[in-house]
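Okay, so here's the structure we're looking at.
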Amino acid sequence: MTPRAGRSFFTCDAVTLAKRLLGQSLVRRVHGIELRGRIVETEAYVGVRDAASHAYEGRLTARNRAMFDEPGVCYVYFTYGMHHCVNFSCATRGDPQAVLIRALEVIQGHDVIRKLRNREGISDQALCQGPANLTKAFGIDLSLNAIDTVKSNDLYIELLRRRAPRASVMVNTARIGISAKAGRWRAEALRWYLRDSKSVSGPR
DNA sequence: TTCAAGATTTCCT
DNA sequence: GGAAATCTTGAAA
């Protein structure tokens with residue numbers, strides 16, 4: 001049986017978790033069916049000093065509360081009036097660090113995922129390419145916000161590997177979609193992806 | 001109470 | 001390359 005990520009897996013800074021999550025499996029249970037995807041792209045939001053983070057300067061609101069919760073708690077937010085994005089809280093309670101999941105390769109549940117995406121002629125590799133695409137593909141919405149993925153069976157991480165990938169197979173770049181208002185944080189290299197994956201979103 | 005902007009995607013020219 | 005879709009949040013008034 002594949003081991004599941006426990007509290008200790010998430011009890012680290014966001015940079016460590018962003019790399020550690022690459023190559024692991026995101027599991028979602030909907031209507032008794034399991035969907036699985038291999039994580040191939042992540043971004044770190046490193047806490048109160050990060051001007052690109054919803055928790056910049058310690059801002060705590062009803063929306064981003066999950067970022068401040070226990071490591072392993074899921075932070076789902078709604079944006080652009082139509083999209084959801086999913087993150088995993090990390091570090092320690094009260095320290096709002098989190099990792100955004102930006103892309104997956106589908107491992108299990110292609111049929112269900114294709115229906116959820118509801119898009120004609122889409123390739124397998126594009127099903128979960130991009131943060132809002134993967135939440136749609138996996139049926140992730142605000143009902144999953146703030147759930148504890150260490151305990152929930154609706155959404156959690158399965159460990160397909162013991163360690164983060166070697167540096168030589170990862171690519172590290174600036175994050176996507178960060179506005180100029182974030183200042184130097186716009187250019188900080190806090191995005192990672194697996195070099196060989198065809199499902200990575202944004203610039204390669 | 002009003003308003004601008006957003007950790008995006010898709011479709012059009 | 002550019003704009004539309006669509007609505008919540010947080011800051012300004």
Side-chain angles (χ1 to χ4, degrees), chain A residues 10 13-19 21-22 26 37 39-69 73-91 95-106 113-146 149 155 171-193 198-204:
Chain A
F10 300 99
D13 62 273
V15 167
T16 299
L17 185 65
K19 293 186 279 191
L21 278 169
L22 289 179
L26 180 70
I39 297 170
V40 298
E41 181 182 359
T42 57
E43 281 179 4
Y45 289 82
V46 298
V48 299
R49 69 186 197 281
D50 184 351
S53 170
H54 293 163
Y56 179 48
E57 292 182 325
R59 195 176 70 208
L60 170 59
T61 66
R63 177 208 205 191
N64 71 1
R65 193 183 62 77
M67 293 183 86
F68 293 79
D69 211 323
V73 165
C74 174
Y75 171 41
V76 181
Y77 66 87
F78 182 63
T79 190
Y80 292 104
M82 64 190 87
H83 298 307
H84 295 279
C85 294
V86 63
N87 304 252
F88 285 87
S89 174
C90 60
D95 181 356
Q97 299 193 42
V99 173
L100 171 70
I101 310 299
R102 289 194 56 92
L104 309 171
E105 288 171 1
V106 178
I113 286 169
R114 197 168 283 279
K115 284 200 180 74
L116 284 165
R117 282 284 266 130
N118 189 30
R119 201 154 162 278
E120 291 294 323
I122 187 172
S123 65
D124 277 0
Q125 72 178 51
L127 284 171
C128 300
Q129 189 169 47
N133 286 333
L134 77 88
T135 55
K136 187 173 184 190
F138 271 53
I140 295 170
D141 60 21
L142 290 178
S143 70
L144 293 173
N145 183 45
T149 70
L155 186 72
V171 181
N172 180 209
T173 75
R175 293 173 291 187
I176 309 290
I178 308 300
S179 85
K181 285 194 283 189
R184 75 174 179 90
W185 289 95
R186 186 184 189 185
E188 287 286 317
L190 292 170
R191 167 182 177 240
W192 285 266
Y193 63 84
K198 296 187 170 99
S199 297
V200 172
S201 71
R204 302 293 306 241

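Remark: A:R102 is in phosphate contact with B:dT8, judged by side-chain N or O atoms under 4.0 Å from OP1 or OP2. Look at A:S179 and you'll find a side-chain N or O under 4.0 angstrom from OP1 or OP2 of B:dG6.
The same atom, P, is picked in B:dA5 and in C:dA3; the two are 15 Å apart, to the nearest Å. C:dA4 and B:dA4 are spaced 15 Å apart, taking the P atom of each and rounding to whole Å.
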Kindly indicate, with the supporting measurements, whether the criterion side chain to side chain contact (heavy atoms under 4.5 Å, CB included) is fulfilled by A:W192 and A:V15. CA-CA 9 Å; A:W192 285 266; A:V15 167; 3.7 Å; yes
Mind running side chain to side chain contact (heavy atoms under 4.5 Å, CB included) on A:V40 and A:L104 for me, showing each step along the way? CA-CA 5 Å; A:V40 298; A:L104 309 171; 5.7 Å; no
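Taken residue by residue, residues 54-66 of chain A places heavy atoms nearer than 4.0 Å to DNA chain B at A:H54.
Along DNA chain B, the nucleotide nearest A:K181 and the nucleotide nearest A:I122 are compared for position; the residue whose nucleotide lies closer to the 5' end is A:K181.
Taking atom OH on A:Y77 and atom P on C:dC7, their separation rounds to 18 Å, with Å as the unit. The interatomic distance linking A:N133 (CG) with B:dT10 (C1') rounds to 9 Å, in whole Å. Here B:dA7 presents its P atom at 10 Å from CZ of A:R175, a figure rounded to the nearest Å. One atom, CD1 of A:I176, and another, P of B:dT9, lie 10 Å apart when rounded to the nearest Å. A straight line from CG of A:D141 to P of C:dT8 spans 14 Å, rounded to a whole angstrom. Atom P of nucleotide B:dA7 and atom NZ of A:K136 are separated by 20 Å, given to the nearest angstrom. Rounded to whole Å, atom C1' of C:dT9 lies 14 Å from atom CG of A:N145. Spacing between atom NE2 of A:H83 and atom P of B:dA5 amounts to 18 Å, rounded to whole angstrom units.
Pairs of Watson-Crick or G-U wobble type, with distances under 3.5 Å, assemble into runs of 3 or more in DNA chain C at these ranges: B:1-6 with C:7-12, B:8-12 with C:1-5.
Closest to the side chain of A:S53, from the set B:dA7, C:dT8, C:dA5, is B:dA7. Here the nucleotide nearest the side chain of A:R119, chosen from B:dC11, B:dT9, C:dA5, is B:dC11.
Using a 3.5 Å distance cut-off with no hydrogens or angles, the side chains of A:Q97 and A:S89 do not pair a donor with an acceptor.
Salt-bridge check for A:D124 with A:R114: passed, with a basic side-chain N closer than 4.0 Å to an acidic carboxylate O.
For A:Y56, the ring-ring contact (aromatic ring centres under 6.0 Å, His included) test picks out no residue, with sequence neighbours left out. Residues forming a side-chain contact (heavy atoms from CB on, under 4.5 Å) with A:E188 (at least two apart in sequence, or on another chain): A:R184, A:W185, A:L190. Checked against side-chain contact (heavy atoms from CB on, under 4.5 Å), A:H83 has the following partners two or more places apart in sequence or in another chain: A:T79, A:Y80, A:A132. Scored by the salt bridge (Lys or Arg N to Asp or Glu O under 4.0 Å) test, A:R117 finds no partners at all (sequence neighbours excluded).
Nucleic acid contact class of A:N87 (heavy atoms, under 4.0 Å, all strands): base. Residue contacts for A:R117: at a heavy-atom cut-off of 4.0 Å it reaches the sugar-phosphate backbone alone, with no base atom in range. Base contact: A:A52 has a heavy atom under 4.0 Å from a base atom. A:S201 comes within contact range of no nucleotide atom at all, as no heavy-atom separation falls under 4.0 Å.
Note that the CG atom of A:L21 and the SG atom of A:C90 stand 8.5 Å from one another [nearest 0.5 Å].
Taking the ring centroids of A:F88 and A:Y75, they lie at or beyond the 6.0 Å cut-off.
Interface remark: the A:Y80 side chain does not form any donor-acceptor pair with the B:dA5 base, using a distance-only criterion of under 3.5 Å.
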